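Inspection log for the structure reproduced underneath, given as structure tokens.
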Amino acid sequence: MKIIRSISLVILSAIILCPLGAVQAKTVVAIAHTHEESHPDHQGFLAFKEYVEKNAGDRYEVQIYANKTSGSNEEVIELIKSGTIQFMAISTANLEPHNKKYAVFSLPYLFSSEEIYEKFISDPAVIEELGEENDKDGFTPLAAFTAGTRSFYAKTPIKSVKDLEGKRFRIQSGKTNKDLMYYFGANDITISFGEVYKALKNNVVDGAENNELALVDQKHGEFCKYYTYDRHQMCPDMLVGSSLFLYSIPEEDFDTFKKAAIEAQKVEFGRWKKSIEDAKKKAKEMGVTFIDVDVHEFQEKVKPIYEDVLKNNPQIKSLYEKARAFDKKYAK
Ligand code: GCU
């Protein structure tokens with residue numbers, strides 16, 4: 001509700017006088033995401049805003065609502081579908097319940113390096129394939145932001161895969177993530193991103209899994225003093241637009257938004273490594289210890305998930321094979 005009211009206020013204030021005296025309103029485009037303003041996704045969206053307003057500023061004004069101000073990811077994706085909000089960044093894990101293709105990124109150890117993963121998610125053919133059912137989905141993927149590599153972190157040290165047993169970890173949405181925890185031998189509980197801090201504080205969970213930024217930006221490092229580099233997953237934050245909105249505007253404007261998304265991605269990628277370095281430094285100051293482990297051991301433990309997921313979710317087969325081929329082609 002808050003967002004609807006503020007959007008209409010902005011629309012009213014965006015009314016401009018045309019030379020002939022006619023009154024023309026700019027379309028206000030709202031972007032929502034759940035991160036802090038220092039996060040690379042937000043920096044990417046600033047570039048998106050700049051590109052749109054530079055190239056179509058007579059017709060569009062872009063407003064960015066950071067830090068969950070317009071709701072949780074689960075709520076905002078519904079607002080995207082209804083056209084109330086026009087763009088958002090959302091993890092592919094949170095899109096799996098809407099379209100099973102996005103589950104491909106929840107598969108563990110899909111890419112052997114972040115460089116290969118970044119190449120893959122920058123390939124227009126990949127974005128197009130993900131968006132093949134965008135009318136039914138209600139959202140259209142335009143680009144992907146990296147979200148680095150996800151690893152476990154907890155209140156007690158995880159030094160080997162055995163240490164996951166019997167512990168309860170917060171996970172993102174999607175059946176594939178649940179299956180993954182099953183193969184790891186861990187207990188899982190799906191919790192919305194914004195609620196994880198509270199869950200850690202109240203001992204609802206013993207730990208979580210994410211990239212290093214969560215320790216600092218989301219303050220999970222206040223409770224979890226051990227971050228273990230098992231590097232099990234790389235799943236991007238998709239920059240999606242409302243299909244209702246994108247198909248209601250002229251094609252050339254749709255094209256402007258597509259180009260803006262590519263600009264946003266470039267900036268986001270460019271900021272990523274430095275923000276991880278900064279986060280690690282701050283996390284250490286918070287008392288977090290970073291643990292290196294035998295990744296191979298973790299990898300072996302979850303191997304059976306591939307057969308299982310591919311059998312139960314044939315929608316991902318083509319993207320899975322594409323990802324494998326990419327990895328083979330670019331792995332050193
Ligand atoms: C990452 C990602 C978010 C996601 C979050 C989560 O931080 O960038 O988009 O919501 O993980 O674990 O929920």
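If you're wondering where the values come from, they're calculated on a predicted model, not measured in any experiment. Order of listing sets the numbers, starting from 1, for every ligand and every atom in it.
Here the side chain of Asp163 pairs a donor or acceptor atom with the backbone of Ser160 at under 3.5 angstrom.
The existence of a salt bridge linking Lys49 and Glu53 is confirmed by a sub-4.0 Å separation between a basic side-chain nitrogen and an acidic carboxylate oxygen.
No hydrogens or angles considered: a donor-acceptor pair under 3.5 Å links the side chains of Asn177 and Gln233. His42 and Glu36 are not linked by any side-chain donor-acceptor pair at a separation below 3.5 angstrom, with hydrogens and angles left out of the test. Side-chain contact check for Glu129 and Ser318: at least one donor-acceptor pair (N or O, by modelled atom type) lies under 3.5 Å.
The shell of residues lying under 4.0 angstrom from ligand 1, judged by heavy atoms, includes His35. Using a 4.0 angstrom heavy-atom cutoff, Arg170 counts as in contact with ligand 1. Asp237 counts as a contact of ligand 1, since one of its heavy atoms falls under 4.0 Å from the ligand. Contact analysis leaves His33 out of contact with ligand 1, as no non-hydrogen atom separation drops below 4.0 angstrom.
Closest to atom 1 (C) of ligand 1, if we only count protein heavy atoms, is Asn210 OD1, 3.4 Å. Of the protein's non-hydrogen atoms, Gln172 OE1, 3.6 Å is the one closest to atom 4 (C) of ligand 1. Summary of contacts: the protein heavy atom closest to atom 11 (O) of ligand 1 is Arg150 NH1, 3.0 Å.
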Could you give me the CA-CA distance, side-chain angles and deciding distance for Ser173 and Asn94, then say whether side chain to side chain donor-acceptor pair (under 3.5 Å) is met?
CA-CA 5 Å; Ser173 302; Asn94 285 325; 2.9 Å; yes
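For ligand 1, the atoms sitting less than 4.0 Å from at least one non-hydrogen atom of Asn73 are 10 (O), numbered in the order shown with element in parentheses.
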